[in-house]
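Everything numeric here is computed off the predicted structure, so don't read it as measured data.
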Amino acid sequence: PSNISIVFDGKIKQKSKTTIDERLLGVHTSFGELQALGDEYSEDTVGIIAGPRGVDLVHIPLKDYQLLVAPYRLRVLNSKVEALQRSPLFKGIPKGRLGRIALGAKTMLFKHRQVAIKQNEKIDCIYIVSKGSFVSGRTVSLKQKNIWPVNINNITPVSNYRTQIVKRVRVAKSAPCVTVSRHDLGGFFGEEGNETLFDKRLFVNLLLLNQQHEKDNCSNDGVEGSDDNGKDSDRKNKNSTLFKSPEQIELESWIDMYKNKKGNEINRSWSSVVAEGASEVVCLSSADFKLLLPTDRFDAFVQLRKSIM
């Protein structure tokens, strides 16, 4: 691009046919930046940009951006991408496809023993450990009743125990914290904050797209057949829309089971997480995951399911 654009006032709509994503960019957000950060990030997934109600933009010439801003932004972007590539959620995804999700991702710093998230706290993102480590602990509530007798109007002698009536009941509470897991470099926590884990329709669509992608790869690797083979494949595609595959049935049953299990505690943390030493995380919301290609996104969700199960 000849200019890097920053939204000064209003909102601008950003669409992508590749990632099935549509979002509104607000004030202080930018676009056209990823292509200017080098050939490694030339695989930009954004397709069409249009302003819904008009927008004021600030344009930075490409030469000025590359001279003043690009070195710093490229250093920050590379560190985020490296942190994401260490995570099993994004294993095997090249830099070009991780650049868009890493560019807008936020980072958070934590001191030693600082609480990142609390148990039963509502969360809205997943945390990828980029520096340091974290420990997860779950509090188990225990109650014990301590009952002792009380005299009636202070008249009954203490020695006559049988005539005493129990009036006071004190409940002693203890809440020991049990360490359940540790998250080192590349690990992640807060997966309950991804709302798409409860979206059956979206999850099934990603599964079907992933299966179709695998079929296309197999057909491209094989030898082209006759017209009869093409007709057979069309019949199979029609049948696949009528009948559910075993993978789809298993996926839908898992989502229903998980939603019933969570109940009213959807998007609430299962445990508390505390930093061990100075640590840093990259925060990814559900909207950030939309910037991945459908196949990469489905693979990441599979890893999230495994961590929850």
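Taking every heavy atom of both residues into account, Gly99 and Val81 meet most closely at CA-CG2, 4.4 Å. Contact detail for Gly26 and Val7: the closest heavy-atom pair is O-CB, 3.2 Å. Between Ala70 and Gln66, the shortest heavy-atom distance links the atoms CB-CA, 3.6 Å. Taking each heavy atom of Leu34 and Arg100 in turn, the nearest pair found is CD2-N, 3.6 Å.
Qualifying side-chain hydrogen bond (donor to acceptor under 3.5 Å, both in side chains) partners for Ser136, counting only residues two or more places apart in sequence or in other chains: His183. Under the side-chain hydrogen bond (donor to acceptor under 3.5 Å, both in side chains) criterion, Ser133 pairs with Glu276, sequence neighbours left out. Evaluation of the side-chain contact (heavy atoms from CB on, under 4.5 Å) rule for Pro61 yields Asn3, Asp64 as partners, not counting sequence neighbours. In terms of the side-chain contact (heavy atoms from CB on, under 4.5 Å) criterion, residue partners of Asp9 (sequence neighbours excluded) are, by chain and number, Asp56. Evaluation of the salt bridge (Lys or Arg N to Asp or Glu O under 4.0 Å) rule for Asp296 yields Arg97 as partners, not counting sequence neighbours. Contacts of Ala278 classified as side-chain contact (heavy atoms from CB on, under 4.5 Å), with partners at least two apart in sequence or in another chain: none. Qualifying salt bridge (Lys or Arg N to Asp or Glu O under 4.0 Å) partners for Lys95, counting only residues two or more places apart in sequence or in other chains: Glu40.
Counting Ile, Leu, Val, Met, Phe, Trp and Tyr side chains that sit under 4.5 Å apart, directly or through other members, Val273 shares a hydrophobic cluster with Met108, Phe110, Ile117, Ile123, Tyr127, Val129, Phe134, Phe189, Val281. Taking a 4.5 Å side-chain heavy-atom cut-off between Ile, Leu, Val, Met, Phe, Trp and Tyr, the cluster of Tyr72 extends to Val76. Connectivity analysis of hydrophobic side chains (ILVMFWY, heavy atoms under 4.5 Å, direct or indirect) links Val115 to Val135, Val274.
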Item to complete: Dump the intermediate steps for side chain to side chain contact (heavy atoms under 4.5 Å, CB included) on Gln119 and Trp270, then the final yes or no.
Response: CA-CA 6 Å; Gln119 183 175 327; Trp270 184 74; over 6 Å; no
Worksheet item: Could you walk me through whether Phe31 and Ile12 pass the side chain to side chain contact (heavy atoms under 4.5 Å, CB included) check?
Response: CA-CA 10 Å; Phe31 59 92; Ile12 194 167; 3.9 Å; yes
Fill in: Test side chain to side chain contact (heavy atoms under 4.5 Å, CB included) applied to Phe298 and Leu293, step by step
CA-CA 9 Å; Phe298 179 77; Leu293 293 178; over 6 Å; no
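Side-chain atoms of Ser79 do not come within 3.5 Å of backbone N or O of Leu77 as any donor-acceptor pair.
Between Tyr41 and Asn78 there is a side-chain heavy-atom pair separated by less than 4.5 Å. The side-chain heavy atoms of Lys13 and Leu25, taken from C-beta on, include no pair separated by under 4.5 Å. Two residues are said to be in side-chain contact when any heavy atoms from C-beta on lie closer than 4.5 Å; Ser5 and His59 meet this criterion.
One finds the OH atom of Tyr65 at 14.0 Å from the OG atom of Ser2 (value rounded to the nearest 0.5 Å). Rounding to the nearest 0.5 angstrom, the gap separating the CZ atom in Arg73 from the OG atom in Ser30 is 6.0 Å. Atoms CD1 and CD1, from Ile6 and Ile60 in turn, are 3.5 Å apart once rounded to the nearest 0.5 Å. Taken from CG in Leu103 to CG in Asp288, the straight-line distance is 10.5 Å, to the nearest 0.5 Å. Rounding to the nearest 0.5 angstrom, the gap separating the OG atom in Ser272 from the NZ atom in Lys118 is 8.5 Å. Here Leu284 contributes atom CG and Ile128 contributes atom CD1; the two are 5.5 Å apart, rounded to the nearest 0.5 Å.
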For residues 82-91, run the donor-acceptor check on the side chains, cut-off 3.5 Å, and write out each pair with its distance to 0.1 Å, sequence neighbours left out.
from	atom 1	to	atom 2	distance (Å)
Gln85	NE2	Ile93	O	3.4
Ser87	OG	Leu89	N	3.3
Ser87	OG	Gly186	O	3.4

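Within the structure, side chain to side chain donor-acceptor pair (under 3.5 Å) pairs that include any residue of residues 105-114 do not occur (at least two apart or interchain).
In this structure, a donor-acceptor pair under 3.5 Å is present between the side chains of Glu280 and Ser130.
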